[in-house]
A.B. asks: 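First the structure, then my questions, so here it is.
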Amino acid sequence: QVQLVESGGGLVQAGGSLRLSCAASGRTFNTYAMGWFRQAPGKEREFVAAIRWRDDSTYYADSVKGRFTISRDNAKDTVYLQMDSLKPEDTAVYYCAAQPERRPWYSSTYYLPSRYDYWGQGTQVTVSS
């Protein structure tokens with residue numbers, strides 16, 4: 001079992017920055033690949049970014065590539081999402097998620113919410129225009 005707690009959300013103007021944190025507890029953090037998802041009102045939950053433990057490889061949705069950066073600190077059991085050049089369309093509840101590192105990693109499925117076993121409660125990010 002893994003418990004995930006997000007923090008760092010808030011209200012920011014377009015063009016601004018925020019850094020989200022996700023603190024993990026429970027089973028060994030470094031046995032999990034970590035992801036960030038977001039969900040806007042009336043929309044489905046969508047993939048934002050992911051990072052693997054084995055080689056720190058990172059993956060991004062096209063909509064955030066070049067603006068967001070995912071990273072992890074295994075010593076602190078924490079994963080981060082640095083969000084720069086924020087846009088109003090980035091407004092959503094952001095969720096941290098974890099899937100076992102040993103699970104096969106396919107380019108066609110790693111971004112699916114169903115691949116992740118554990119979820120945080122979410123943190124609101126609002127970007128004003």
Side-chain angles (χ1 to χ4, degrees):
Q1 193 79 1
V2 175
Q3 292 79 43
L4 304 173
V5 179
E6 303 97 334
S7 61
L11 173 64
V12 64
Q13 288 189 333
S17 298
L18 281 175
R19 188 176 82 153
L20 305 184
S21 299
C22 173
S25 61
R27 289 192 173 179
T28 309
F29 178 67
N30 59 11
T31 62
Y32 288 86
M34 303 297 296
W36 284 97
F37 290 76
R38 66 186 182 187
Q39 188 166 18
K43 294 188 176 181
E44 293 187 352
R45 191 167 298 190
E46 66 173 2
F47 172 79
V48 175
I51 185 167
R52 300 194 68 184
W53 170 77
R54 57 187 299 173
D55 56 5
D56 275 349
S57 53
T58 56
Y59 305 80
Y60 296 95
D62 288 342
S63 58
V64 307
K65 202 171 292 183
R67 300 188 299 122
F68 290 10
T69 303
I70 188 171
S71 61
R72 63 191 295 162
D73 186 335
N74 290 331
K76 295 183 177 180
D77 290 350
T78 300
V79 63
Y80 304 98
L81 185 68
Q82 178 66 42
M83 305 186 295
D84 298 319
S85 302
L86 283 161
K87 305 175 181 180
E89 51 263 44
D90 294 319
T91 295
V93 177
Y94 283 71
Y95 297 90
C96 174
Q99 66 166 290
E101 183 68 37
R102 67 179 184 276
R103 181 167 293 165
W105 189 269
Y106 299 123
S107 60
S108 59
T109 61
Y110 72 83
Y111 53 84
L112 297 176
S114 59
R115 298 290 290 180
Y116 294 78
D117 295 346
Y118 303 102
W119 293 83
Q121 83 289 348
T123 185
Q124 177 70 48
V125 171
T126 303
V127 184
S128 63
S129 57

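The basis for the numbers below is simple: all heavy atoms, side chains too, and nothing from hydrogens, waters or symmetry mates. One-based numbering along the sequence shown. Here the structure is a predicted model, which means the values were calculated and not measured.
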A.B. asks: With sequence neighbours left out, what residues match R103 under salt bridge (Lys or Arg N to Asp or Glu O under 4.0 Å)?
C.D. replies: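 Here the qualifying residues are D117.
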A.B. asks: Are the side chains of P100 and Y32 in touch, meaning some heavy atoms are under 4.5 Å apart?
C.D. replies: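 Counting from C-beta outward, P100 and Y32 do come under 4.5 Å.
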A.B. asks: When hydrophobic residues are tied together by side-chain contacts of less than 4.5 Å, even through go-betweens, does V64 share a cluster with Y116?
C.D. replies: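 As far as the 4.5 Å side-chain criterion goes, Y116 and V64 are not connected within one cluster.
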A.B. asks: Measure the OG1-CD distance between T78 and E6 for me, rounded to the nearest 0.5 Å.
C.D. replies: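 Nearest 0.5 Å value for the OG1-CD distance: 12.0 Å.
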A.B. asks: Check whether the ring centres of Y59 and F47 lie less than 6.0 Å apart, and answer yes or no.
C.D. replies: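 So the answer is no for these two rings.
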A.B. asks: Applying salt bridge (Lys or Arg N to Asp or Glu O under 4.0 Å), name anything that partners E89, two or more places apart in sequence or on another chain.
C.D. replies: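 Applying salt bridge (Lys or Arg N to Asp or Glu O under 4.0 Å) to E89 gives none.
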A.B. asks: Of the non-hydrogen atoms in P113 and W119, which two are nearest, and what is the gap between them?
C.D. replies: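 Looks like O-CZ2, 3.5 Å.
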A.B. asks: Are Y118 and V48 connected in the hydrophobic side-chain network, where two residues link if heavy atoms are under 4.5 Å apart?
C.D. replies: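 Yes, one cluster joins them.
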A.B. asks: So, using salt bridge (Lys or Arg N to Asp or Glu O under 4.0 Å) as the criterion, who are the partners of R52 when residues are at least two apart?
C.D. replies: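 Checked R52 against salt bridge (Lys or Arg N to Asp or Glu O under 4.0 Å); matches are E101.
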A.B. asks: In terms of hydrophobic clusters joined by side-chain contacts under 4.5 Å, are Y111 and Y95 together?
C.D. replies: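 Result: yes, single cluster for both.
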A.B. asks: Please round to the nearest 0.5 Å and tell me the distance separating atom OH of Y110 and atom CZ of R115.
C.D. replies: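 Atom-to-atom, Y110:OH and R115:CZ are 12.5 Å apart.
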A.B. asks: Of all the heavy-atom pairs spanning V93 and Q124, show the shortest one and how long it is.
C.D. replies: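 In terms of heavy atoms, the two residues are closest at CG2-OE1, 3.3 Å.
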A.B. asks: Taking C-beta and beyond as the side chain, do V125 and T91 meet within less than 4.5 Å on heavy atoms?
C.D. replies: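 The answer is no, as the side chains (C-beta and beyond) never meet within the 4.5 Å cut-off.
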A.B. asks: I would like to know whether L81 and F68 meet side-chain contact (heavy atoms from CB on, under 4.5 Å); could you show each step before the answer?
C.D. replies: CA-CA 7 Å; L81 185 68; F68 290 10; 4.2 Å; yes
A.B. asks: Can you tell me how far the CD atom of Q99 sits from the CG atom of L112, to the nearest 0.5 Å?
C.D. replies: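 If I round to the nearest 0.5 Å, the distance is 9.5 Å.
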A.B. asks: Nearest 0.5 angstrom please: C96 SG to Y80 OH, how far?
C.D. replies: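 Answer rounded to 0.5 Å: 11.5 Å.
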A.B. asks: Sequence neighbours left out, what passes salt bridge (Lys or Arg N to Asp or Glu O under 4.0 Å) with D55? Give chain and number order.
C.D. replies: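 Counting only residues at least two positions away or on another chain, D55 forms no salt bridge (Lys or Arg N to Asp or Glu O under 4.0 Å).
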A.B. asks: Ignoring hydrogens and angles, write down the donor-acceptor pairs under 3.5 Å from the side chains of residues 34-44, residues two or more places apart or on other chains.
C.D. replies:
residue, atom, partner, partner atom, Å
R38, NE, E46, OE2, 2.6
R38, NH1, D90, OD1, 2.9
R38, NH1, Y94, OH, 3.0
R38, NH2, E46, OE2, 3.2
Q39, OE1, R45, NE, 3.3
Q39, OE1, R45, NH2, 3.4
Q39, NE2, K43, O, 3.1

A.B. asks: Side chains of residues 7-24: which donor-acceptor pairs under 3.5 Å do they make with residues two or more places apart or in other chains?
C.D. replies:
residue, atom, partner, partner atom, Å
S17, OG, D84, OD1, 2.7

